[in-house]
Structures are given as C-alpha cells and as structure tokens.
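These figures come from a predicted structure and were not determined experimentally.
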Amino acid sequence: LQTALYPECFKTHEACPETVTHVQNYIQICGIIVGMLLFGFLGDVIGRRWGSRTVASIMLSGTILLTFAPLVANPATFLNFYIFAATWYGFGVGGEYPMASSSAAERSQADDKLRHRRGEQVVLTFSGQGMGNFVNGCVIIIFMAIFGMTGPKLDKTASRNVLMIQFAVGAAVSVFLVLWRYFKLQESKVWEQEKKDFEEVTEKELHKSKRFMTANAFYNFWPRLTATSLAWVVNDFAFYGNKPFQSTFIALLYPKAH
C-alpha cells in the first residue's frame with residue numbers, strides 16, 4: 001500500500017534512501033523495548049491505574065498520528081513522519097505489556113475464583129496481540145476488496161484510504177480504552193497493599209533501605225526470575241525476529257507474488 005501511494009519513495013527510491021525505508025520495519029520494535037523497560041519500572045512507582053492511563057493515551061495519540069500520516073503529500077516527509085509515529089505508538093504498546101500483565105496477575109490474586117488461573121489470565125493478556133494482528137489483516141483485506149484492489153496494480157487513492165482506515169480502527173479501539181481507564185479503572189488493591197507492606201517492612205521493622213528488599217528478592221528468587229526471563233527471550237527472539245524479515249520470507253516462499 002505504501003509503495004502504491006509513494007512509489008518514488010518505496011519503489012524507485014528517488015525521494016527516499018532505500019536504507020531509511022527499511023527503518024520502519026524495526027523501529028516500532030525499538031519503541032516497544034524502551035516502553036517495556038520504562039513502564040516496567042514506572043508501574044511500580046505511579047501505580048497500575050495511572051500507568052495504564054498513560055500508555056493508553058500514548059497509544060491513542062500514536063494511532064491518530066498514523067491515521068493522518070498518509071495525507072502528507074511529500075514522500076520523504078511522510079516517511080519521517082511515519083517513522084516517528086510508529087516509534088511513539090510502539091513506545092505505548094511496550095508500556096502496555098507490563099501494565100496489562102501485572103494488572104491481570106494482581107486481579108487474579110485478589111479474586112478467589114481466579115487465583116488458581118493466574119497464569120492463564122496473564123497469557124490471555126499477551127494473546128490479545130495475536131488477535132489484534134489477525135483483525136488488522138482482515139480489515140485490510142476487506143477494505144482492499146471494497147475499493148476493488150484485487151488485481152496486481154493498486155490504486156493510489158484507494159491505497160491511501162485503506163491505510164487510513166486500518167489505523168482509524170485502531171484509534172477507535174484506543175479511544176474506548178482511554179475512556180474506560182480514565183472513568184472506570186480502579187487502582188490495584190494488591191499493588192497498594194504490597195507497596196504499603198514493602199515500606200513498613202523495610203523502613204520500620206528491618207530499618208533497611210528500599211534497595212535491601214529488592215536485592216533480597218533477587219538473591220532468593222533468582223532461579224525463577226532467570227528461567228522466566230530466558231523463556232520470554234527465546235519466545236520473543238522468534239516472534240520479533242520474524243517481524244522485520246516477514247516480507248523477505250514471503251518473497252522467498254512465493255517469488256511470483258506481487
């Protein structure tokens with residue numbers, strides 16, 4: 001779709017360096033990594049409610065930027081704008097990972113009926129990404145069919161419309177997410193209690209700094225933390241490693257595909 005809309009940027013590379021056009025394939029993942037690390041820390045400081053509100057707002061602003069990006073006339077300007085918007089959106093998506101997973105785990109811990117299904121609730125949170133990718137693909141296919149783009153050549157105006165619509169759908173979901181989190185979402189009772197206990201045990205009873213409890217947790221639970229971290233590294237190595245080279249794999253499997 002981008003090639004049909006800006007051929008001088010993504011096909012002939014007259015307006016954009018080819019190396020720069022490839023940046024959009026992985027820059028969002030860079031934003032995701034930074035978002036994970038930052039909000040993994042901030043979530044324990046500002047709480048689950050404000051952490052969730054913040055990342056939802058970032059994702060909403062990112063989808064709005066992406067929705068209007070195809071209206072940019074200049075190809076080089078579009079590429080730079082799109083790269084920034086995708087990075088910003090990825091930053092919000094990365095922050096959603098620790099916020100959503102910790103909220104799911106603590107929600108299960110606070111509910112007797114869900115306590116034995118804690119792992120299931122956390123995994124379901126991450127499975128939403130796969131469902132989102134599937135729905136996004138369906139939206140693109142459906143609207144390409146609606147605009148009559150079923151042949152080898154894609155119309156420039158129709159390509160722009162499909163690009164905008166797919167991001168607009170994501171923006172609509174983000175609007176609902178932001179409204180729900182600002183008006184309905186309550187703070188995690190488990191996080192509030194653990195924060196209170198953490199401060200009381202370290203400062204009032206043990207007379208230690210807050211760093212002592214963190215170091216003590218690493219000392220006693222490092223085997224679990226190491227195993228869990230390595231499992232996620234292996235999973236993400238295959239998942240995210242496939243994303244930047246997805247088009248290359250498809251081209252090798254189906255060289256005649258347009």
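- Taking 4.5 Å as the limit, every side-chain heavy atom of L60 sits out of range of all side-chain heavy atoms of L177.
- With respect to the salt-bridge test (charged N to carboxylate O, under 4.0 angstrom), the residues E187 and R48 do not qualify.
- Here the CD1 atom belonging to I146 is positioned 7.5 Å from the CD1 atom belonging to I165, to the nearest 0.5 angstrom.
- N80 is linked by a side-chain hydrogen bond (donor to acceptor under 3.5 Å, both in side chains) to nothing, counting only residues two or more places apart in sequence or in another chain.
- With a 4.5 Å cut-off on side-chain heavy atoms, Q2 and Q24 count as touching.
- With contacts defined as side-chain heavy-atom distances shorter than 4.5 Å, the pair S61/W88 qualifies.
- Rounding to the nearest 0.5 Å places CE of M144 at 5.0 Å from CG of L1.
- For residues 136-167, the set of pairs meeting the ring-ring contact (aromatic ring centres under 6.0 Å, His included) definition, not counting sequence neighbours, is empty.
- The closest donor-acceptor contact from the side chain of S102 to the backbone of M99 lies under 3.5 Å.
- When side chains are defined from C-beta on, T63 does not count as touching V169, because their heavy atoms never get closer than 4.5 Å.
- Residues meeting the side-chain contact (heavy atoms from CB on, under 4.5 Å) test with V34, sequence neighbours left out: F91.
- Scanning for ring-ring contact (aromatic ring centres under 6.0 Å, His included) contacts around Y89 gives an empty result, with sequence neighbours left out.
- The main-chain N or O of T226 is never found under 3.5 Å from a side-chain atom of S229 such that the two would form a donor-acceptor pair.
- Under the 3.5 Å distance criterion, the side-chain polar atoms of R53 are matched with a main-chain donor or acceptor of R181.
- Taking the side-chain contact (heavy atoms from CB on, under 4.5 Å) definition, one finds that S101 meets it with V122, F126, sequence neighbours left out.
- Every pair passing ring-ring contact (aromatic ring centres under 6.0 Å, His included) that includes a residue from residues 60-79 is listed here, sequence neighbours excluded: Y6-F78, F78-Y82.
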